[in-house]
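Here is the structure we will look at, set down as structure tokens.
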There are 2 protein chains.
Amino acid sequence: MSAATDTAERILDAASELFATHGYAATTTRAIAERAGVNEVTIFRRFESKLGVLRALGERLARLQAGRAVASAPDSANVRDTLLALARMEIRGTIEGGALAMRLAFDATSVPEVRELIGEGVPANLEGLAEYLAEHQATGDLRADIDPRVMAEAFFGLTSSYVMYRMVMGAADLPVDVETDEGIEQLFDVFWSGASQRGQEP
Amino acid sequence: MSAATDTAERILDAASELFATHGYAATTTRAIAERAGVNEVTIFRRFESKLGVLRALGERLARLQAGRAVASAPDSANVRDTLLALARMEIRGTIEGGALAMRLAFDATSVPEVRELIGEGVPANLEGLAEYLAEHQATGDLRADIDPRVMAEAFFGLTSSYVMYRMVMGAADLPVDVETDEGIEQLFDVFWSGASQRGQEP
DNA sequence: GATGTGTGCAAGTACCTGCTTGCTTGCACA
DNA sequence: TGTGCAAGCAAGCAGGTACTTGCACACATC
């Protein structure tokens, strides 16, 4: 059993990397097999089709990302710390599995099956954070004159484009350590200052 | 001559739309021909190859975007207005030609020729805005404790992800009128408040 | 009226893609 | 020793892709 699941895992790993960098359509099953060190036929025996690989990958991704939902962030009394932790979590998650998700989101417009898989992920995330933000607008932690959905979009815009510029477009280097990286904190600070606007009242 | 350039233009228009929504690799020359209302052979006679179409498109795009560089924004005394105008310009430009550029940036990782075309565009833009921001940090219009490159990244993160969420991921609707849309102003306001932090001194 | 140019149409080539088939090999368990 | 399962290997199929070729038609210009 160990050996069997191992090959399946290796196939998924290879597919994940290739899908993330080349996209779903541009990745051939032959390439997946080669990278996994596995015969191409094995892929079809284990996953039935190329789409089957994507589906299995989707499940693994869902399992992986389930742990880093908005709710799972430590809701300390300090909203700023909570959001900063969320930003770091989001960026780390995007680097790990999100680069794949981002690519697939692009592929979704051309490959209908991909669209179903990615589906409501992005809008749902936006909505979830917007709710959280709205709560803290009510308590006065955040400025109330901005639509919480716009604010959520600003937040995800920061984190997703941070990764996009680095991983996909190669505009800069990835941080050595996401948890302590100074650049992320500065980037977050721009958002936070804008969203909280502490001391802005005249 | 008029009729001849017209068909070439129609081919480029069709290719632009298809590349933007489906990506370079996933767009077939047949599809381009069909959308342009032109025989497939004509494409090869005019542009030699599929890559030739992309190259011609790249030139047209460069011509189109040359007019909307950072420098071309009216540098009024008011930095906020300048940046807001730039944000609107950037979003409109991204909707018009940037969605294509964004998609091609993704394709660049799989299609090496595409990478050359997109090339240094993104980093150069970042650098250009960073310079502008640094100048106004020096004059006190913007807070100085943030790396100007980080600030530029926050700016482009906002504008590019604004379009990405809407056009590519279909998370929301595009604005009816970019120039007056309230959502863009709110989104920009989050950035601006964070970047200027007016009245933040204790 | 001849010539050149831009385009359409039909057919075909060479290659790549996802996927299949038939057969063999190695390993585990009884 | 025998049975079953996971995997490899070689070959191939059907469909799609970029791209080519040869021929016909329209419409200008000289």
Side-chain angles (χ1 to χ4, degrees), chain A residues 1-19 21-58 103-104 107-117, chain B residues 1-19 21-58 103-104 107-117:
Chain A
M1 166 168 147
S2 161
T5 55
D6 185 57
T7 57
E9 212 64 22
R10 268 189 2 247
I11 291 172
L12 288 181
D13 285 342
S16 175
E17 290 169 33
L18 290 172
F19 285 166
T21 50
H22 300 339
Y24 176 78
T27 299
T28 70
T29 52
R30 291 202 229 285
I32 298 174
E34 196 176 341
R35 186 170 198 121
V38 158
N39 193 280
E40 193 188 356
V41 194
T42 305
I43 293 178
F44 291 97
R45 279 200 272 246
R46 302 286 295 194
F47 298 100
E48 202 159 325
S49 66
K50 185 182 172 184
L51 188 65
V53 176
L54 182 66
R55 261 195 272 266
L57 214 49
R103 260 233 92 104
L104 292 182
D107 287 346
T109 46
S110 48
V111 187
E113 299 93 327
V114 176
R115 165 136 243 150
E116 288 174 31
L117 255 172
Chain B
M1 168 166 147
S2 162
T5 55
D6 185 57
T7 58
E9 212 64 23
R10 266 186 6 245
I11 291 172
L12 289 181
D13 285 342
S16 174
E17 290 169 33
L18 290 171
F19 285 167
T21 51
H22 300 342
Y24 175 78
T27 299
T28 70
T29 51
R30 286 199 238 289
I32 298 174
E34 196 177 342
R35 187 170 196 120
V38 158
N39 193 280
E40 192 188 355
V41 194
T42 305
I43 294 179
F44 292 98
R45 280 199 271 244
R46 302 287 295 195
F47 299 99
E48 202 158 324
S49 65
K50 184 181 171 184
L51 189 65
V53 176
L54 183 66
R55 263 195 271 265
L57 213 50
R103 261 231 90 106
L104 291 182
D107 286 348
T109 46
S110 47
V111 187
E113 299 94 329
V114 175
R115 164 135 244 150
E116 288 173 33
L117 256 172

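Sequence lines set the chain letters: A, B, ... in the order given, protein chains first and strands last, and positions in each chain run from 1. Values in this document were obtained by computation on a predicted structure and should not be read as measured data.
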- Message: Nearest 0.5 Å, please: how far is CZ in A/R35 from CZ in A/R10?
- Response: 13.0 Å
- Item | Annotated protein contacts, base or backbone, on nucleotides 15-20 of chain C with a non-hydrogen cut-off under 4.0 Å, one of B, S, - each | --BBBB
- Task: Using the side-chain contact (heavy atoms from CB on, under 4.5 Å) rule, take B/T21 and B/E17 through it: C-alpha gap first, then chi angles, then the decisive distance, then the call.
- Result: CA-CA 6 Å; B/T21 51; B/E17 290 169 33; 5.7 Å; no
- Task: Using a 4.5 Å cut-off on heavy atoms from C-beta on, say whether the side chain of B/K50 contacts that of B/L54.
- Result: no
- Taking atom P of D/dG8 as reference, at what distance in whole Å does atom CD of A/E34 sit? 13 Å
- Query: Can you give the dot-bracket line for DNA chain C, where a pair is Watson-Crick or G-U wobble with both atom distances under 3.5 Å, crossing pairs use [ ], and | marks a partner on another strand?
  - Reply: ||||||||||||||||||||||||||||||
- To the nearest angstrom, the CD-C1' distance between B/E9 and C/dT7 comes to 18 Å
- So does B/T42 get a side-chain nitrogen or oxygen closer than 4.0 Å to the phosphate oxygens (OP1/OP2) of C/dG8? yes
- Query: D/dA18 C1' sits how many Å from B/I11 CD1, rounded?
  - Reply: 15 Å
- Message: Taking any heavy-atom pair under 4.0 Å as a contact, classify A/G37: base, sugar-phosphate, or nothing.
- Response: sugar-phosphate
- Message: Using whole Å, what does the distance between atom C1' of nucleotide C/dG8 and atom CZ of B/R46 come to?
- Response: 14 Å
- Query: Can you tell me how far C1' of C/dT21 sits from CD1 of A/I43, to the nearest Å?
  - Reply: 17 Å
- Item | B/R45 vs D/dC19: side-chain N/O to OP1/OP2 distance below 4.0 Å | no
- Task: Send over the distance from B/F19 CZ to D/dA18 C1', rounded to a whole Å.
- Result: 12 Å
- CD-CG distance between B/E34 and B/N39, expressed to the nearest 0.5 angstrom: 11.5 Å
- Give me the one residue out of A/L12, A/L18, A/D13 that meets side chain to side chain contact (heavy atoms under 4.5 Å, CB included) with A/I32. A/L18
- Task: Among the candidates D/dA6, D/dG8, C/dT7, find the nucleotide nearest to the side-chain atoms of A/N39.
- Result: D/dG8
